[in-house]
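A short write-up of the structure that comes next.
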Amino acid sequence: MRRLDDLALGIRLSVGGGRSGWVRLALIAVGVGLGVTMLLIAASIPTVLDARDARDGARSVNADQELSLGSPSALVQEVRSAYREDPVVGLMVQPEHDDAPLPRV
């Protein structure tokens with residue numbers, strides 16, 4: 001019961017001052033909300049950047065990769081185009097053998 005009494009006292013003190021108490025309470029709530037939002041955004045930025053780098057790495061083709069003789073391979077060519085004035089970049093993949101590795105999505 002002690003905690004509920006403390007909570008009730010806090011509410012009475014917050015809004016007991018009339019209109020200025022309500023305004024003060026609203027400003028505090030907005031400030032706390034903005035602070036939490038900024039912290040969540042700042043904490044998620046590294047994860048977003050790492051995921052973007054992983055996707056870019058999965059789409060890139062390493063031309064310096066050495067292949068052993070007889071290993072299944074695929075021919076890859078970068079294709080550039082435009083759609084409604086927006087650039088579109090893709091890869092055209094052609095397997096050299098039936099058992100060539102599938103491209104990662």
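Counting heavy atoms from C-beta outward, Arg3 and Leu7 have side chains that stay 4.5 Å or more apart. Within the 4.5 Å cutoff, the side chain of Leu91 has heavy atoms near those of the Glu78 side chain.
Residues meeting the side chain to side chain donor-acceptor pair (under 3.5 Å) test with Gln94, sequence neighbours left out: none.
Note that OG1 of Thr47 is 13.0 Å distant from CZ of Arg52, once rounded to the nearest 0.5 Å.
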Atom pairs and distances, donor-acceptor, side-chain atoms in residues 25-45, under 3.5 Å, two or more places apart:
| residue | atom | partner | partner atom | Å |
| --- | --- | --- | --- | --- |
| Thr37 | OG1 | Gly33 | O | 2.8 |
| Ser44 | OG | Leu40 | O | 3.3 |
| Ser44 | OG | Ile41 | O | 3.0 |

